[in-house]
There are 2 protein chains.
Amino acid sequence: MPARPTPPAAPPPLTEPVEDYLKAIYELETRSGAAATSDVAQALRVAPASVTGMIRRLATQGLLDHVPYRGVQLTDLGRRAALRTIRRHRILETYLTQVLGYAWDRVHDEAERLEHAASDDLIERMSAALGHPTADPHGAPIPTADGRVDERTHRTIADLAVGETVRMLRVSDKDPELLRYLAGIALQPGVEITLLSRAPFDGPLTLRVADGEPVVGSTLAAQVLIEPLPARNAQRAVTPTGDRNTTTDARPRSARKSAR
Amino acid sequence: MPARPTPPAAPPPLTEPVEDYLKAIYELETRSGAAATSDVAQALRVAPASVTGMIRRLATQGLLDHVPYRGVQLTDLGRRAALRTIRRHRILETYLTQVLGYAWDRVHDEAERLEHAASDDLIERMSAALGHPTADPHGAPIPTADGRVDERTHRTIADLAVGETVRMLRVSDKDPELLRYLAGIALQPGVEITLLSRAPFDGPLTLRVADGEPVVGSTLAAQVLIEPLPARNAQRAVTPTGDRNTTTDARPRSARKSAR
DNA sequence: GCCAATATTTAGTCTCGCCTAAAGATTGAG
DNA sequence: CTCAATCTTTAGGCGAGACTAAATATTGGC
Ligand SMILES: [Mn+2]
Ligand SMILES: [Mn+2]
Ligand SMILES: [Mn+2]
Ligand SMILES: [Mn+2]
């Protein structure tokens, strides 16, 4: 294609379905390395054939590359669009819990719709009102306005050694039931967790969290992301070097208020 | 049509275009008595033929009655839907100005999109956070959750007699330029206005508002709605009887904060 | 290395909202 | 009363997004 002579190429704004596709593809790509047609279909509760159709359109718009039967990969353009929507989603979730008193299991659906309707101005005003938070109520990192985000992977409670103490970092916001249950046993981003014991044969784990000792199954345990406690005395200066993150984020993320 | 045997008739949620059509038709109906195809088309910036098509669909859904070539009238169902959207719009506008610091000329477009995405729960939380306001930043009355609203018509500055003092009530939120200009001369809902003089042949009007004496043309004057000052001493108890309004609204509407 | 199970794409439709062009209805001026 | 100007509706199309059913590609088990 030839060079573009007129600067105002006027990128037509992305539609709501397009934004949701890009977001889903981004999350599958970072989580599992690649985004298969059927995975996207499942994530968006749509027929696989619909995904194929949408993917072709997105490819012609330069938002992703598609090798038929092989999978899909976001272009820079597509990734930026995805991160913009994710930023909106997470700022909205944070605002709804912190300012408007939403329970943390109710914000996802609301943000899923508002993320497409709110202007950049509104999102930045909310972010400012919150003091520019770096994580949402579920502990998910909030991308910056210029599209940077902490993409490191993390251990889960299932990976803990008996006796180990860590800080809860994050949990998926997709399952309200799980979120309500976690809130009931005081598991929320920021709390300290110690693994007291682990039953054999993939059995339940007994934790210490706050002043309770909940017993959780391994399925739940694998869904709760953790981070090490900040080094209490020893090797302070040894910050990991290959850190892709740009938000100079030494502080323990999520000094969130309770999600009620 | 036969009786409905199964209670959960599951009314499919209205789409964004449908909500905007109903809102526009409602406003044309109350403002000018009827809603002509071309008026709706103009209000929504859409071709007249598109309006005819949409109207047919809305009629089959029982949201309005349509007599071809004669015009359109909302059913109770349609009117309730319109008022619900209008309530959302006005609460959102109020929240954006009061809580998030929006200028009053910027809220309309934002609310025009958010009104379709926000849940009832969110709207009611915003309303509660504002202390359940009864008017939006432009002085427009906010319908109640059960669909009641003050539909009285009002005089404008153009109707003032020289020397008369009244309170500004309301102005349309559709023209940001006008809103910015009004803010510049301190004309906002709630302020007292006195007509000092009126030039002949539909000429400019000199007002006293706050401590300024703006001179405005008759076009502008006709767009600014006013209400009488609360009776200072005399006939207190003589409230108008045929009042359709249900919100027991004796207070001067719009004790709004400044729209910045 | 083949072949059946699985994943993906193609083919063919559908509904919603919008458009333009053309036809039909209404109305007001004379 | 008539007819031209002004609505309004009809006819025909289009793109976005979804679906089902049918074809095709990939892959893993043997
Ligand atoms: Mn969404
Ligand atoms: Mn979240
Ligand atoms: Mn709208
Ligand atoms: Mn308004």
From the set [options], return the single nucleotide nearest to any side-chain atom of [X].
X	options	answer
A:Val46	C:dT8, D:dA18, D:dT9	D:dA18
A:Val18	C:dA21, D:dG17, C:dT9	D:dG17
B:Tyr21	C:dT20, C:dT9, C:dC18	C:dC18

Expressed as a whole number of angstroms, how long is the span from [X]:[atom1] to [N]:[atom2]?
X	N	atom1	atom2	result
B:Arg57	C:dG17	CZ	C1'	6 Å
A:Arg56	D:dA18	CZ	P	14 Å
B:Met54	C:dC16	CE	C1'	8 Å
A:Asp39	C:dT9	CG	P	12 Å
A:Glu19	D:dA16	CD	P	16 Å
A:Ile55	C:dT8	CD1	P	9 Å
A:Leu14	D:dA16	CG	P	13 Å
B:Leu28	D:dC7	CG	C1'	15 Å

Using a distance-only test with no angle check, is there a side-chain donor-acceptor pair under 3.5 angstrom linking A:Asp20 and A:His116? yes
Do B:Thr144 and B:Asp146 meet the criterion of a side-chain donor-acceptor pair at a distance under 3.5 Å?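 Yes, B:Asp146 and B:Thr144 have a side-chain donor paired with an acceptor closer than 3.5 Å.
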Side-chain N,O ([X]) to OP1/OP2 ([N]) below 4.0 Å:
X	N	answer
B:Tyr69	D:dT6	no
A:Thr15	D:dG17	yes
B:Ser38	D:dT6	no
B:His66	D:dT8	no

Does any non-hydrogen side-chain atom of A:Leu44 lie less than 4.5 Å from one of A:Val51?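 SC-SC contact between A:Val51 and A:Leu44 ruled out.
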Measuring only between side-chain heavy atoms, which start at C-beta, is A:Gln73 closer than 4.5 Å to A:Glu29? yes
When we call it a touch if two heavy atoms are under 4.0 Å apart, what does [X] touch: a base, just sugar-phosphate, or nothing?
X	answer
A:Ala49	base
B:Thr52	base
B:Ser50	base

Would you kindly compare B:Val51 and A:Arg45 by the position of their nearest DNA chain D nucleotide and give the one closer to the 5′ end? B:Val51
Quick check: on DNA chain D, is the nucleotide nearest A:Arg70 upstream (toward 5') of the one nearest A:Pro17, or the reverse? Name the residue that is more 5'. A:Pro17
Check the pair B:Leu96 / B:Arg106 against side-chain contact (heavy atoms from CB on, under 4.5 Å), numbers first and verdict last. CA-CA 9 Å; B:Leu96 292 173; B:Arg106 296 275 189 79; over 6 Å; no
